[in-house]
Amino acid sequence: MRYLDEYRDGQAAQRYAEALRAIVTRPWTLMEVCGGQTHAILRYGIDELLPPGLTLIHGPGCPVCVTPVAALDRAVALARRAGVVLASFGDMLRVPGSAADLLHARAAGADVRIVYSPLDAVALAEREPEREVVFFAVGFETTAPANAMAVRLASRKGLENFSLLAAQRRVPPALDAILASPDCRVQAFLAAGHVCAVMGIAEYVALAARRRVPVVVTGFEPLDLLQGVAMAARQLEEGRGEVEIPYSRAVRPGGNPAARAAMDEVFEPCDGEWRGLGVIPDGALRLRPRYAAFDAARRFPDEGGERPAPRDGDCLAGLVLQGRLRPPDCPAFGGRCTPEHPVGAPMVSAEGACAAYYRYRPRPAAAVAAVGAP
Amino acid sequence: MATASGRGRRAGDAVVAPPAGSGPGASATGPACPVPLPEGERVLLAHGGGGRLTRELVERLFVPAFRNPALSALNDAALVGPVLGRLAVTTDAFVVQPLFFPGGDIGTLAVTGTVNDLAMAGARPLWLTLGFVLEEGLPLADLERVVGSIARTAAAAGVAVIAGDTKVVERGRGDGLFITSAGVGVVAAPRLVAPSEVLPGDAVLVSGPVGQHGIAVLAVREGLAFSRPIVSDCASVVAPVHALLDAGITVHCLRDPTRGGLATVLNEIAVQARCEIAVHERQVPVSDEVAGACEVLGLDPLYVACEGRFVAFVAPGDADRALALLRARRDTAGAARIGTVRAAGGTAGLVTLTTAIGGQRVLDLLSGEQLPRIC
């Protein structure tokens, strides 16, 4: 298929692998920020092509994974409320909250509906005026503009039965928090191309300058990633720490001005919890006061208070999300924690690092046998 | 859950037993044109009540559409046979939404789904029985259209619909129309066709591009429009399967990649046959339309359902001949050899994939539904 096959060319991949072997003279540790990148790396076996000593660790860029338990609990509580429709992207349904997930809430009678776009949720609110439609707005700067458009549309239509459960997260503050951690191993970032396509690179330029860390904005195809790894390695070898954009077919330095304007009109940064990372200053988005009428948290203040997240036993998802532990090294991985019965959020979404390892890498024989006969 | 009378209307009793293996289809004159049911009418509870309306439905719609002696006798049980050889029996249920999709409808699917399962055992399909669960309010025109599809598809596959049942449930208690089926076939293959027969070295063939049915249905269901509409691959695979068997190809195992798609059936067979299956991603045929739709939706075509394809495990010496034979046919022109069976050491049940860029990974079973990704 045109515009895709070019970026999945096996021979070009081998050439990049050779070039990398020539560039790298000592061990380096890179973090790919986004779960989509992690997924591509494992799906195509990109890590197998890298020279020894060049390590990729997997970042927290999986919206399903970092949505805090409190937000999930609130979503479940809202979904169970009579007269409420909770509209959500499909991935969120299986993420465990403190007591239940949305899929089980739906099986028990809650009105949870999968939508592909927040605009579908607005249409739902129009179609069913007697019901309160709450859209569970998760994701990073990539989904925020569409969520902003949904709020603007609902406002323009004068819909009084549409609201947003805002759980969006902002990526750059989380990267800063990872670098600030005393046991940080990350020496360079492969930043998520689609986030930068919306936001541009200004925040990353500031981060690279402040922390002297290479940031390479990459796409999600195998050659995009190999090229990104090569550029980051070269910066490290040469002692540079700057922002480079090999993914220029999608990313402009200024981002997408229309999308940013919509976002800025509707949302403002706020402190927010990232599952596994804790509260990150300016790490989240909330509705601006002029759109407060569309804030589900204000409309239903009694549902789902902030509760301390329960400990997930031997699940070490927090360390995985910080890039401090490889998923297979978690004691729960593949045993108590599987995609069918996830304990930690990174096992839920295909973009979660644990799920990617579970899906694409051989597991111990016992785990394979446990799949059993159909 | 039937709200109509508990006693369903069955039709059957063969007066003339069709010869075994001949696959009795429609009568010699082809499916007759039924007297049309009143226009604009909808299914009523009374259509399943066993009274006049039920009779009207059976006599004006089902019997003329499926016309064959076993059905036309309208007895409680159809008498058929005798048949020489082992019988293959299967049952299936069809709940597809929407009822009509590009390339087929629930009726086409009910026939192809059932006969394809029989073909996967190396059997020649002979007879079908169908149960219709109608929702009150279903337009009779929709039912007629579905019944017409069933008649055409069954005739093409060489099977007769010899018995049926109709129930009506209250509005809101069904989804328009559900169909259940049973199929009987006679095993024609000289040797067993089953996962237990798979051997290391076997070539793994797929009969055409994968994923079309799932994407076609999803596109209609979600109102997704593509520049070129994606048409379901829904079709009987009886003819190509028997072309392979009749040509004396050593077919060890057959499986149709319906729910869960190609990856799922490969995993099932790897576990059942206690072997490892090595697949090359580049060699799996996927149409540009399906590949593009999957990219947009965040789906993997290897896990998307087909309804008119099959996977064949063939002895290595016969692989080239089998592939040539399939490619020479119009309905399997897109067939490809996608992998090889390996003896399993500690890797029984494992399916491995050589990726497009030459990496290696596991091709695992899917967990839950394939869901669209969100970023």
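We name chains A, B, ... by the order of the sequence lines, and we start the count at 1 in each one.
Under a cut-off of 6.0 angstrom, the local environment of CZ in B/Arg342 is sparse, with at most 12 non-hydrogen atoms contributed by other residues, nucleotides or ligands. The environment of B/Arg274 atom CZ is sparse: at most 12 non-hydrogen atoms of other residues, nucleotides or ligands sit within 6.0 angstrom. Annotation for B/Arg259: atom CZ does not count as buried by contact number, only 12 or fewer foreign heavy atoms lying within 6.0 Å. The local environment of CZ in B/Arg282 is crowded, with over 12 non-hydrogen atoms from other residues, nucleotides or ligands closer than 6.0 Å. No more than 12 heavy-atom neighbours from other residues, nucleotides or ligands sit within 6.0 angstrom of CE on A/Met149.
Nearest heavy-atom pair across B/Arg361 and A/Arg43 is NE-O, 2.7 Å.
No option in A/Leu225, A/Ile46, A/Asp9 other than A/Ile46 meets the side chain to side chain contact (heavy atoms under 4.5 Å, CB included) test with B/Ile357.
Heavy atoms of A/Leu42 lying under 4.5 Å from chain B belong exclusively to its backbone. Of the two parts of A/Gln14, only the side chain, counted from C-beta on, holds a non-hydrogen atom closer than 4.5 Å to a non-hydrogen atom of chain B.
Counting heavy atoms from C-beta outward, A/Glu48 and B/Thr355 have side chains that stay 4.5 Å or more apart.
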